[in-house]
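First the structure, in the form of structure tokens, and then the observations on it.
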Amino acid sequence: MTAQRRMAAEPPPVSRLRAGSDRSLPSALIVIGAFAFLLGAVELGVGARVPDQLWAVALFVGVFWIWAAAGLLAWWRRPHNTTGLLLIIGGIALFLGGLGNLGIDALTLVSAVFATSSLAMTVQLLHAFPSGRLRGRLSITTVVLGWVASPVSQLVLLLIPSSAPAAFEIAAATQKTLGIAVMVLTAVVLARRLVTADPVHRRVLLPMFGYGIVAVLLLAFAPTIVHTLGGDPRIGGVTQLLVAAAIPVAFLLGVLLGGFRRTGDLEPLSTWLGISGAGGPAVARALAATLGDDSLRVVYWAEERGEFVDETGVAVDPGQRDADRGWCEIRVESRLVGAIVYDTRLTADPGPVRRAGDVLAIAIDRERLTAELLASNEALTRSRIRLVETADRERSRIAQDLHDGIQVQLVLLALAAQTIANDPDASPATSAASARLRHGIDEAAADLRRLVHNVLPVALTERGLTAAAEDLVDRLAIPATLDSDVADAAISSTTAHTAYFIIAEALTNTVKHSRASWVRVTLHADGGRLHIGIRDNGVGGASVDRGAGLRGLLDRVDALGGNLRVTSEAGHGTEVKVELPCV
């Protein structure tokens, strides 16, 4: 490995700093998971002392473990997303709310304070999914009201003295009304997001939001329904707990459907970049895999054009992107080189995007230059095509002028010479000279017609490429065949003229030099490309470098973005293959 190779594989300082924290994440999650298991085990152990409430203790512990496990999975898959933290906090709130079943006075007070906190956390989790951050004023207001309705109002109820039953009733009614309003608003927000989401995101959101709509309504109305039916109030509480337990399950379904694909570490990304030197779509795919966003795009800043372009050189307007698309500019030192366009519904925090962009800044700068080169090359190609089209138009104009002007004059001169030759008053010498003059004019007119035909074939302009090629084949001095499936309307006039001149030049060379006994011409259009083949059974040995005819056509083919290949082994005939764009 050379020194240059070792330097390329060395991760940038930003990557090494970030990679250190990423490597410590699994260990931290293992510690958190072990602590959560230990908390649940201790609660079960203490709850065994109260046999009548052991079922309730076990139920709360089971739900707590489900939330904690889902939170750990979410945190591991997307370290920069707060959804995992929200799930773990929600699990802790459930754990604290279940302490009242242990029969210990101090823990009963703690349980009373946190009894409804899990409901507020559920509301925040649903509004923040999948990015982990709240989006929109309605969501923020609903979540704030949820926290007011749950722990805040719960604490107010605990602080009201028993001597003020009226105040307690008012506070309890207010809490209940506010809680129901929060749940209904949450159902409305989730339903609206599902309806307005595109099909890809709807598939991701459906498990969580679909169940979330049902869950928040059950959480709000289950106690009321049970009370109305005259059931045991504990049934309402158990129903709420079971409904809350299924929320992490709905989240896990979203994970399995691809909405929470694991984000990668920056160190493997930078090492891969340094070793492979990859670019273009590979860089964008690596960045998308690292950030867990398949819709991610990389665009490049074209300094000379003063605009952003994609990998093909097409201009990209930042102002035309959707509201859910984030825009993170990438710079090498202070110089703008590109931007990353990402989905804010999956990655709300631009920090990880910016850090990943810093790692790939050099590669993105390289691809920016490539995009500019592609754009310049495309402009050069268009310019060369315009030159060919201009030359064709000028050639056609000259041929038309010759046909309509000089040729007509020659015909008139021939008629005048014939009139003099036929004049009875003319001397025999004058008549003979006039007849010779008429024959000379006729030969000049015939040469002019051949010149005009070579410059502007009438069959090509009036009947199309297939008919013109057929005319060339029919006039050939050796047996020849033509196979064509080309629709003349599908190819441009510039391509048709180029194809005709190639066929004419190749057939002329066949007759002059190949000593072939047959020749075959094929025309085939496929996928926007015109394929031309001319094959004979002559002596071979032909070369593009010999003679100016094919060499000039090769330049013309290259200007149109096509290719020409000649295969001509001695004694095995010659084959000319040409590919041209149809338009």
For a side chain to side chain contact (heavy atoms under 4.5 Å, CB included) check, start with the C-alpha distance between Leu125 and Trp67, then their side-chain angles and the critical distance, and finish with the verdict.
CA-CA 12 Å; Leu125 176 66; Trp67 277 68; 4.2 Å; yes
Where do Glu307 and Ala315 come nearest, in terms of heavy atoms and distance?
OE1-CB, 3.5 Å
Flag, side chain of Tyr211 to backbone of Leu206, donor-acceptor distance under 3.5 Å:
no
For Leu134 against Ala128, the heavy-atom pair lying closest together
CD2-N, 4.0 Å
Between atom CG of Leu157 and atom CZ of Phe168, what is the distance when rounded to the nearest 0.5 Å?
5.0 Å
Is the gap between the ring centers of Trp65 and Phe60 under 6.0 Å?
no
Taking all heavy atoms of Pro248 and all of Ala70, pick out the closest pair and write down the distance.
CB-CB, 3.5 Å
Looking only at heavy atoms, what is the nearest atom pair of Val182 and Gly146, with distance?
CG2-N, 3.6 Å
Nearest-0.5 Å distance, CG of residue Leu138 to OG1 of residue Thr186:
8.5 Å
Shortest non-hydrogen contact from Phe95 toward Leu39
CE1-O, 3.6 Å
Can you measure from OG1 (Thr174) to CD (Glu169) and round to the nearest 0.5 angstrom?
11.0 Å
Under a 3.5 Å distance rule, please check whether Ser150 uses its side chain to pair with a backbone N or O of Ser117 as donor and acceptor.
no
Does any non-hydrogen side-chain atom of Val46 lie less than 4.5 Å from one of Ile104?
yes
Within a strict 4.5 Å, meaning less than it, do heavy atoms of the Val314 and Val309 side chains meet?
no
CD1 of Ile89 to CG of Leu94, rounded to nearest 0.5 Å, is 12.5 Å
When rounded to the nearest 0.5 Å, the distance separating CD1 of Ile247 from CG of Leu87 is 9.5 Å
For a side chain to side chain donor-acceptor pair (under 3.5 Å) check, start with the C-alpha distance between His127 and Thr142, then their side-chain angles and the critical distance, and finish with the verdict.
CA-CA 9 Å; His127 280 271; Thr142 304; 4.6 Å; no
Donor-acceptor under 3.5 Å (Gln175 side chain, Ser153 main chain):
no
When you measure from the side chain of Gln154 to the backbone N and O of Ala112, does any donor-acceptor pair fall under 3.5 Å?
yes
Check: Thr108 and Leu102 side chains under 4.5 Å, non-hydrogen atoms
no
So Tyr342 and Arg297, do their side chains get closer than 4.5 Å, heavy atoms only?
no
Go through Leu145 and Val123 one step at a time and tell me if the side chain to side chain contact (heavy atoms under 4.5 Å, CB included) criterion holds.
CA-CA 10 Å; Leu145 291 176; Val123 170; over 6 Å; no
Before you tell me yes or no, could you show the steps for Trp147 and Met121 under side chain to side chain contact (heavy atoms under 4.5 Å, CB included), namely the whole-Å CA-CA distance, both residues' side-chain angles and the distance that decides it to 0.1 Å?
CA-CA 8 Å; Trp147 284 104; Met121 183 54 64; 3.5 Å; yes
Does a side-chain heavy-atom distance below 4.5 Å link Met183 with Ile213?
no
What pair of heavy atoms forms the shortest contact from Arg193 to Ser139, and how long is it?
NH2-OG, 2.7 Å
The ring pair (Phe, Tyr, Trp, His ring centres under 6.0 Å) partners of Phe114 (sequence neighbours excluded) come to none
Which residues satisfy the side chain to side chain contact (heavy atoms under 4.5 Å, CB included) test with Leu72, sequence neighbours excluded?
Leu29, Ile32, Ile88
Would you check if Phe308 and Val341 make a side-chain contact, meaning some heavy-atom pair closer than 4.5 Å?
no
Sub-4.5 Å side-chain heavy-atom contact between Leu336 and Glu329
yes
Would you say that Leu96 contacts Leu99 through its side chain, given a criterion of any heavy-atom pair below 4.5 Å between the two side chains?
yes
Could you walk me through whether Leu126 and Val216 pass the side chain to side chain contact (heavy atoms under 4.5 Å, CB included) test, one step at a time?
CA-CA 9 Å; Leu126 291 172; Val216 293; 3.5 Å; yes
